[in-house]
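Below is one structure; the comments refer to it alone.
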Amino acid sequence: MKIRTEIFELTVDGKPVVVKATPYQTLSTETRFRVSVNESPVHIFAWDKDLNRLTAIDSSNAAGHMPEKIDEAIGRQLYQRVAA
């Protein structure tokens, strides 16, 4: 996988959200993403089997909590980009 940071904009509840996402692979070859929202500290997004979607797996850490609607919108966008 070629590592390339993508920058894209989403609109959540009528507000623009600028997302920077950089994919990387774990030793088990799982693809995860380092994600920054509006220049926030980095959140790690990975596949959650229980939710059946990509989601922030570190929202309770020092990077702070990410609102659920933003988490879901980013997860959908990342999934579409990986599937393409």
Side-chain angles (χ1 to χ4, degrees):
M1 169 189 289
K2 185 176 182 180
I3 297 175
R4 188 180 80 215
T5 299
E6 292 192 46
I7 300 171
F8 54 92
E9 188 172 304
L10 300 172
T11 302
V12 179
D13 290 338
K15 298 176 185 167
V17 178
V18 178
V19 178
K20 289 183 184 179
T22 306
Y24 69 96
Q25 287 189 333
T26 64
L27 293 175
S28 65
T29 69
E30 174 190 19
T31 299
R32 292 185 174 187
F33 298 86
R34 291 179 183 94
V35 174
S36 176
V37 179
N38 295 335
E39 301 295 331
S40 73
V42 171
H43 293 271
I44 303 300
F45 272 68
W47 188 259
D48 184 305
K49 292 179 210 172
D50 294 332
L51 296 174
N52 199 32
R53 66 178 174 90
L54 285 163
T55 188
I57 61 172
D58 65 341
S59 287
S60 62
N61 75 6
H65 178 71
M66 179 179 297
E68 188 172 346
K69 286 185 178 182
I70 293 175
D71 181 313
E72 290 175 0
I74 292 171
R76 280 192 303 273
Q77 189 65 227
L78 292 174
Y79 183 78
Q80 289 174 357
R81 289 168 184 267
V82 170

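Note that the structure is predicted; figures quoted are calculated from it, not measured.
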Exercise for the section: May I ask you to check if Arg34 and Tyr24 form a cation-pi contact, with NZ or CZ under 6.0 angstrom from the six-membered ring centre and within 45° of the axis? Expected result: yes
Completion exercise
Residues Ile44 and Val42: closest non-hydrogen pair is CD1-CG1, 4.2 Å
Indicate every side-chain donor-acceptor pair of residues 8-23 with a distance under 3.5 Å to a residue at least two apart or in another chain.
{"from": "Asp13", "atom 1": "OD1", "to": "Lys69", "atom 2": "NZ", "distance (Å)": "3.3"}
{"from": "Lys20", "atom 1": "NZ", "to": "Glu39", "atom 2": "OE2", "distance (Å)": "3.2"}
{"from": "Thr22", "atom 1": "OG1", "to": "Thr5", "atom 2": "OG1", "distance (Å)": "2.6"}

Fill in the blank from the handout: Between the CG atom in Asn52 and the CH2 atom in Trp47, the distance rounded to the nearest 0.5 Å is 4.5 Å
Exercise for the section: Verify, without hydrogens or angle tests, whether Asn38 (side chain) and Ser40 (backbone) share a donor-acceptor contact under 3.5 angstrom. Expected result: no
Problem - Side chain to side chain, Ile74 and Met66, heavy atoms closer than 4.5 Å - result: yes
Handout entry: Shared hydrophobic cluster, Leu51 / Val35 (ILVMFWY, side-chain heavy atoms < 4.5 Å)
Key = no
Handout entry: Whether over 12 other heavy atoms sit under 6.0 Å from Glu68 CD
Key = no
Exercise for the section: Please determine, by modelled atom types, if Gln77 and Arg81 share a side-chain donor-acceptor pair under 3.5 angstrom. Expected result: yes
Practice task
Indicate the atoms forming the closest heavy-atom contact of Phe45 with Leu54, along with that distance.
Solution key: CD2-C, 4.2 Å
Completion exercise
Value for CG (Asp50) from OG1 (Thr55), rounded to nearest 0.5 Å, stands at 11.0 Å
Practice task
Would you mind reporting whether Arg32 and Ile57 have side-chain heavy atoms less than 4.5 Å apart?
Solution key: yes
Practice task
Rounded to the nearest 0.5 Å, what's the gap from CG on Asp71 to CZ on Arg76? Could you check?
Solution key: 10.0 Å
